[in-house]
Amino acid sequence: MRIYKFGGASVKDAAGVRNVLKVLQTMGYENLGIVVSAMGKTTNDLEDIIYSYQKNDPAYLDLIDHLHHKHEQIIEGLEMPVEGIEELCLSRFRESGIKKDIKSIMESLKGEMLRNQSRNYSFLYDQVVSHGELLSTKIVAAFFNACGIPVLWKDARQLIKTDRKYRDAGVNWLESEKLIANSCQGQLFITQGFIGSDDNGFTTTLGREGSDYTAAILAYCLNGSGVTIWKDVPGVLNADPRVFEQTVLLNKIPYNEAIELAFYGASVIHPKTLQPLQGKEIPLYVKSFIHPRNEGTVITAVETIEPLTPCYIVRKNMVFLKISSRDFSFIGENNISDIFQELSSHKMQVGLIQNSAISFSLCVEDKYAKINELLKDLELRYKVSHVEGVALYTVRHYDGDAIEFIESGKSVLLKQRAQETLQLVVKE
């Protein structure tokens, strides 16, 4: 069984939904499970609703109405005559009752928030943001069915069971595998990415890249033949085209290489998505929903990336720290453990580390604006210097030309070179 996953960008408007239909008509939809994210920036809109709600601002109800209107506009766009969509399809869609379904979901959201008594932000977050995926899958399923693709709508909360770690729930694999196999095997179905439910029936979310993870969970539990992530890019590139002028499409990537690239900050597939697929050697394809017949990229059990070329990753707005003892004593295991405890408590994400006898250098991402607190705490015991606004460049499979290219015109604060990986901290 194949699993397709379509992200928010692919269903952001009526034209996007029609294009997803075209992808299925082009590629076939036999023995297929479909995972769909919330439409466009819906999750951001729902986060704004939570923010307003937590400030006791009744305007959150107006924001819900606005979100309702945006989805109705997409429905109305799908009802409009366009080339390639038969009038019979449009007629069936208009008569599908989808507007009533959407209204019911929005009323459920309002009721959820009016009844809420929990002060746990993560719990509230999961109960609210999950409505984005419910809305999108209801609309897409209704449109597919109207256009002759008989897809079954499945509630992911009845398929994927998790623990109670809201916003980053862990999967109960044994229970989920049983539920998914019993409900989805051999059926053409559509379900929501990103969401599941705990043993009390409360909605949970799967954390970063949760919709990709949903696709991997389904493929694992159904012994799938492959997962395809449909994007607005031709596949996985060797560099971010927004930063580097010349990029190369990677045709094949080993599972472990994809995990390495993600670890260093590349916008590829999150490791938690790859882990269940790697366990059963299920290939993961990254393809363009604009040009669906193009080969794209496959992440699978191969020896090395093809073509073998340097892969460039850059992380901007990092902080470079150099930490040393005040009395010129060694920086030993106890010191390093102490430093990492401080990094963890201040929620710093480490991108590079290097130590010598009396100093410890590292490059961190200050996602939560806690660098001043970290410095204050470290300076109680260590001598600390820091440089903000640096960039961390990582090159996998570097060669001489890659080194020259990446160092050109940059002020290098630290260089670290291993067999396959070159890292530079630079002040640009």
Side-chain angles (χ1 to χ4, degrees), residues 3 5-9 35-51 118 120-134 136-137 155-177 179-180 191-221 227 229 231 255 258-279 284 286 299 315 343-351 365-368:
I3 304 295
K5 179 261 176 175
F6 293 94
V35 176
V36 178
S37 300
M39 292 175 152
K41 301 297 183 181
T42 295
T43 301
N44 293 346
D45 293 337
L46 288 160
E47 289 173 344
D48 291 341
I49 288 168
I50 298 171
Y51 179 74
S118 175
N120 182 336
Y121 175 82
S122 294
F123 173 81
L124 175 65
Y125 182 93
D126 283 5
Q127 309 320 301
V128 172
V129 299
S130 55
H131 286 75
E133 278 71 19
L134 297 174
S136 64
T137 51
D155 189 334
R157 296 170 296 184
Q158 304 302 316
L159 302 175
I160 298 175
K161 305 304 289 186
T162 73
D163 59 22
R164 301 179 193 175
K165 189 178 179 183
Y166 301 106
R167 299 194 72 186
D168 191 20
V171 176
N172 181 328
W173 285 96
L174 287 176
E175 189 173 357
S176 298
E177 188 166 11
L179 291 168
I180 291 168
T191 193
Q192 306 78 39
F194 185 52
I195 68 175
S197 69
D198 63 20
D199 54 0
N200 287 324
F202 290 115
T203 304
T204 56
T205 61
L206 303 177
R208 182 183 169 192
E209 304 298 334
S211 292
D212 290 355
Y213 191 30
T214 298
I217 294 167
L218 292 169
Y220 180 91
C221 294
V227 173
I229 308 295
K231 291 178 171 283
Y255 294 112
I259 291 171
E260 290 279 359
L261 292 171
F263 171 78
Y264 288 113
S267 298
V268 291
I269 307 301
H270 195 278
K272 72 179 181 183
T273 297
L274 293 168
Q275 286 157 1
L277 300 179
Q278 185 176 18
L284 186 148
V286 181
I299 300 172
R315 296 169 67 182
L343 293 169
S344 176
S345 66
H346 291 86
K347 299 182 178 180
M348 294 289 165
Q349 187 175 13
V350 179
E365 183 177 359
D366 182 23
K367 290 180 68 174
Y368 299 95

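Since the model is a prediction, treat every value here as computed from it, not as a measurement.
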**Prompt:** Is there a side-chain contact (heavy atoms from CB on, under 4.5 Å) between Leu179 and Lys161 once you walk through the steps?
**Reply:** CA-CA 9 Å; Leu179 291 168; Lys161 305 304 289 186; 3.4 Å; yes
**Prompt:** Stepwise, does the side-chain contact (heavy atoms from CB on, under 4.5 Å) test hold for Ile259 with Gln278?
**Reply:** CA-CA 11 Å; Ile259 291 171; Gln278 185 176 18; 4.0 Å; yes
**Request:** Go through the steps for Ile50 and Tyr121 under the test side-chain contact (heavy atoms from CB on, under 4.5 Å), then give the verdict.
**Result:** CA-CA 9 Å; Ile50 298 171; Tyr121 175 82; 3.6 Å; yes
**Prompt:** How far apart are the C-alpha atoms of Val227 and Leu277, what are their side-chain angles, what is the distance that settles it, and do they pass the side-chain contact (heavy atoms from CB on, under 4.5 Å) test?
**Reply:** CA-CA 9 Å; Val227 173; Leu277 300 179; 3.9 Å; yes
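In this structure, Glu365 and Arg315 have side chains that are in contact, with non-hydrogen atoms separated by less than 4.5 Å. Within the 4.5 Å cutoff, no side-chain heavy atoms of Ser118 are placed close to those of Leu124. Under the 4.5 Å side-chain criterion, counting only non-hydrogen atoms from C-beta, Thr191 is in contact with Leu218. The shortest side-chain heavy-atom distance between Arg164 and Asp199 falls under the 4.5 Å cut-off. Proximity of Gln192 to Leu134: side-chain heavy atoms (C-beta onward) are separated by under 4.5 Å at one or more points. Side-chain contact between Lys231 and Ile229 is present, with at least one heavy-atom pair separated by less than 4.5 Å. Looking only at side-chain heavy atoms (C-beta outward), Lys367 and Lys347 stay at 4.5 Å or farther from each other. Side-chain contact check for Thr205 versus Val129: some heavy-atom pair is nearer than 4.5 Å.
One N or O on the side chain of His131 and one on the backbone of Val128 form a donor-acceptor pair closer than 3.5 Å. Looking only at distances, no side-chain donor or acceptor of Thr42 sits under 3.5 Å from a matching main-chain atom of Gly132. Using modelled atom types, one side-chain atom of Thr137 and one backbone atom of Glu133 make a donor-acceptor pair closer than 3.5 Å. Not one N or O on the side chain of Asn200 forms a donor-acceptor pair closer than 3.5 Å with the backbone of Phe202.
The nearest pair of heavy atoms linking Leu159 to Ile180 is O-CG1, 3.6 Å. Contact between Pro271 and Ala262 at its shortest, heavy atoms only, is CD-CB, 3.7 Å. For Ala215 against Val35, the heavy-atom pair with the smallest separation is CA-CG2, 4.1 Å. The shortest heavy-atom contact between Tyr220 and Pro276 is CD1-O, 3.3 Å. Of all non-hydrogen atoms in Ser211 and Ser37, the two that sit nearest each other are OG-OG, 3.0 Å. When all heavy atoms of Leu206 and Asp168 are compared, the pair lying nearest together is O-OD1, 3.8 Å.
The pair Glu209-Lys272 fails the salt-bridge criterion, with no side-chain N (NZ, NE, NH1 or NH2) lying under 4.0 Å from an Asp/Glu carboxylate O. Ion pairing between a basic and an acidic side chain is recognised when a charged N comes within 4.0 Å of a carboxylate O; Arg157 and Asp155 show such pairing.
Of the residues Ile269, Leu274, Val171, Ile160, the one that meets the side chain to side chain contact (heavy atoms under 4.5 Å, CB included) test with Tyr213 is Val171. Paired with Tyr166 under the rule side-chain hydrogen bond (donor to acceptor under 3.5 Å, both in side chains), one option of Asp126, Asp198, Thr203 passes, and it is Asp198.
Summarising the geometry, atom CG belonging to Leu343 is positioned 8.0 Å from atom OG belonging to Ser345; distances are rounded to the nearest 0.5 Å. Here CG of Asn120 is found 9.5 Å from CD of Gln127. Values are rounded to the nearest 0.5 Å. From Ile217, atom CD1 reaches atom CG of Asp212 across 11.0 Å, with rounding to the nearest 0.5 Å.
Between Lys5 and Thr214, the side chains place no donor N or O within less than 3.5 Å of an acceptor N or O (distance only, hydrogens not considered). Between Tyr125 and Glu47, the side chains place a donor N or O and an acceptor N or O closer than 3.5 Å (distance only, hydrogens not considered).
Heavy-atom neighbours of Tyr368 OH from other residues, nucleotides or ligands within 6.0 Å: at or below the threshold of 12.
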